[in-house]
Amino acid sequence: MDDDNASSTGAHAKVVGVKSWLAYLGNLLLALILFGAVLPLTFTFAGEIPAAVVLVISAVIVLYQFLVIRSVQLYYDDVGVWVVSGVLPWNKGITGVKWRDMDEATFVQGFWSWITRSYDIRIGHRFTKGSEIVLTNIAGGKTAIATLNSHHQNLIRDRVIE
C-alpha cells in the first residue's frame, strides 16, 4: 500500500462523524427479541441447557453488532476523507476519497433527520460512483459535511489541489 493511501486515525486525523444513537435502535430491537422472547421460550420448551446456549449466542450477537456500529468513524487528514470500521481483523478496514478526487459532500435532509440530528451522508468521487463514501445515521452529519466541504474549498483556494 502506498504511503499516500496508508492513512489511519493518527495525530493529524480529525474525526468528524460517528454513528448516532438512532443506529443502535435496530440492535436494541434485536436484543429485545432475543432476550425477551426467544430466551424465555427456549427455557420454557427446551430446558436449561439449550436456554444457556441461546443466552450465550444472543449475547455474542448483540455485543458484536454493538461493537460494529461503534467502530464506524468518519475522519479527514491531509490526504483525504476516510471511514474506518470493523471489529474483527478480517472485517476491519479503511476506505476513503482523496482530496484531489473528491467531488462534493452532501447529506440527506428530512423531518426525522432534522429532529434526531442523524443524517445520511454521501462523499462523492469525481470519477467513479463505486469509490464514494455513503454512510447512514451519522450524528451531526450536517456539521461534518460543512466541515469537509469547507476544508476541501480551502485546499482548492490555496492551490494545494486542483
Side-chain angles (χ1 to χ4, degrees), residues 1-35 53-110 112-113 116-156 158 160-162:
M1 194 184 265
D2 294 332
D3 288 338
D4 211 20
N5 279 342
S7 184
S8 62
T9 52
H12 300 307
K14 182 176 179 191
V15 175
V16 292
V18 294
K19 290 286 190 172
S20 74
W21 63 271
L22 203 57
Y24 294 91
L25 287 181
N27 199 30
L28 178 63
L29 181 62
L30 177 65
L32 289 173
I33 291 170
L34 290 174
F35 295 118
V53 171
V54 168
L55 175 67
V56 170
I57 291 172
S58 297
V60 167
I61 290 170
V62 169
L63 178 64
Y64 177 73
Q65 290 298 326
F66 175 81
L67 292 174
V68 166
I69 295 167
R70 188 172 166 80
S71 73
V72 175
Q73 288 185 336
L74 174 68
Y75 69 95
Y76 71 92
D77 60 12
D78 56 339
V79 179
V81 181
W82 310 97
V83 176
V84 62
S85 65
V87 178
L88 300 173
W90 53 86
N91 286 15
K92 198 169 196 169
I94 299 172
T95 184
V97 177
K98 291 183 180 181
W99 289 118
R100 69 170 188 239
D101 298 332
M102 186 173 145
D103 182 22
E104 65 181 352
T106 59
F107 66 94
V108 177
Q109 178 75 12
W112 291 112
S113 297
T116 61
R117 301 288 189 243
S118 173
Y119 297 90
D120 296 346
I121 64 169
R122 180 189 152 274
I123 296 135
H125 192 282
R126 286 193 308 179
F127 305 113
T128 177
K129 284 198 170 285
S131 296
E132 65 186 19
I133 298 171
V134 178
L135 295 171
T136 59
N137 297 321
I138 297 298
K142 187 176 180 180
T143 306
I145 294 305
T147 301
L148 294 175
N149 281 330
S150 173
H151 188 73
H152 188 236
Q153 288 302 314
N154 287 339
L155 291 174
I156 292 171
D158 296 340
V160 175
I161 58 171
E162 293 186 25

Legend entry - Inter-residue atom distance Ile61.CD1 - Leu63.CG, 0.5 Å rounding: 11.0 Å

Legend entry - Trp112 vs Leu22, side-chain contact (heavy atoms from CB on, under 4.5 Å): CA-CA, chis, key distance, verdict: CA-CA 10 Å; Trp112 291 112; Leu22 203 57; over 6 Å; no

Legend entry - Reported CD1-to-OH distance for the pair Ile145 and Tyr119, which is rounded to 0.5 angstrom: 11.0 Å

Legend entry - side chain to side chain contact (heavy atoms under 4.5 Å, CB included), paired with Val84, selected from Thr95, Ile94, Val72, Val15: Ile94

Legend entry - Donor-acceptor pair, side chain of Lys19 and main chain of Thr136, under 3.5 angstrom: yes

Inset, instruction - Please answer whether the main-chain N or O of Val160 pairs with a side-chain N or O of Asp158 as donor and acceptor at a distance below 3.5 Å. - result: no

Inset, instruction - Answer yes or no: is there a donor N or O on one side and an acceptor on the other, between the side chain of Asp77 and the main chain of His12, under 3.5 Å? - result: no

Inset, instruction - Using atom types as modelled and distance alone, determine if a side-chain donor or acceptor of Ser150 lies under 3.5 Å from a backbone N or O of Ala146. - result: no

Legend entry - Asn137 backbone acceptor or donor facing Asp120 side chain under 3.5 Å: yes

Inset, instruction - Measure up the Trp99 and His152 rings against each other and bin them: parallel (under 30°), tilted (30 to 60°), perpendicular (over 60°). - result: parallel

Legend entry - Atom pair CD1 (Ile138) and CD (Gln73), whose distance is rounded to the nearest 0.5 Å: 10.5 Å

Inset, instruction - Specify the closest pair of heavy atoms between Phe107 and Lys142, including all atoms of both residues, with the distance to one decimal. - result: CZ-CG, 3.5 Å

Legend entry - Backbone N/O of Gln109 and side chain of Ser113: donor-acceptor pair under 3.5 Å: no

Inset, instruction - Can you measure from OG (Ser131) to CG (Asp103) and round to the nearest 0.5 angstrom? - result: 12.5 Å

Inset, instruction - Check whether any side-chain heavy atom of Thr116 sits under 4.5 Å from a side-chain heavy atom of Trp21, and report yes or no. - result: yes

Legend entry - Gap separating the NZ atom of Lys98 from the CZ atom of Arg126, nearest 0.5 angstrom: 12.5 Å

Inset, instruction - List for me each residue that meets ring pair (Phe, Tyr, Trp, His ring centres under 6.0 Å) alongside Phe35, sequence neighbours excluded, and say none if there are none. - result: none

Inset, instruction - Taking all non-hydrogen atoms of both residues into account, name the closest pair between Asp101 and Phe127 and its distance. - result: OD1-CE1, 3.6 Å

Inset, instruction - Go through the steps for Ile121 and Leu74 under the test side-chain contact (heavy atoms from CB on, under 4.5 Å), then give the verdict. - result: CA-CA 10 Å; Ile121 64 169; Leu74 174 68; 3.3 Å; yes

Legend entry - Atom pair NE2/CD1 of His151 and Ile156 - distance to nearest 0.5 Å: 11.0 Å

Legend entry - Heavy-atom donor-acceptor pair, Arg122 side chain to Val108 backbone, under 3.5 Å: no

Inset, instruction - Using atom types as modelled and distance alone, determine if a side-chain donor or acceptor of Ser71 lies under 3.5 Å from a backbone N or O of Val68. - result: yes

Legend entry - Check against side-chain contact (heavy atoms from CB on, under 4.5 Å), Leu34 and Leu30: CA-CA 6 Å; Leu34 290 174; Leu30 177 65; 3.9 Å; yes

Inset, instruction - Write down the atom of Asn91, the atom of Tyr64, and the distance for their closest heavy-atom approach. - result: ND2-OH, 3.1 Å

Inset, instruction - State, with a plain yes or no, whether a side-chain heavy atom of Asn149 is found less than 4.5 Å away from one of Met102. - result: yes

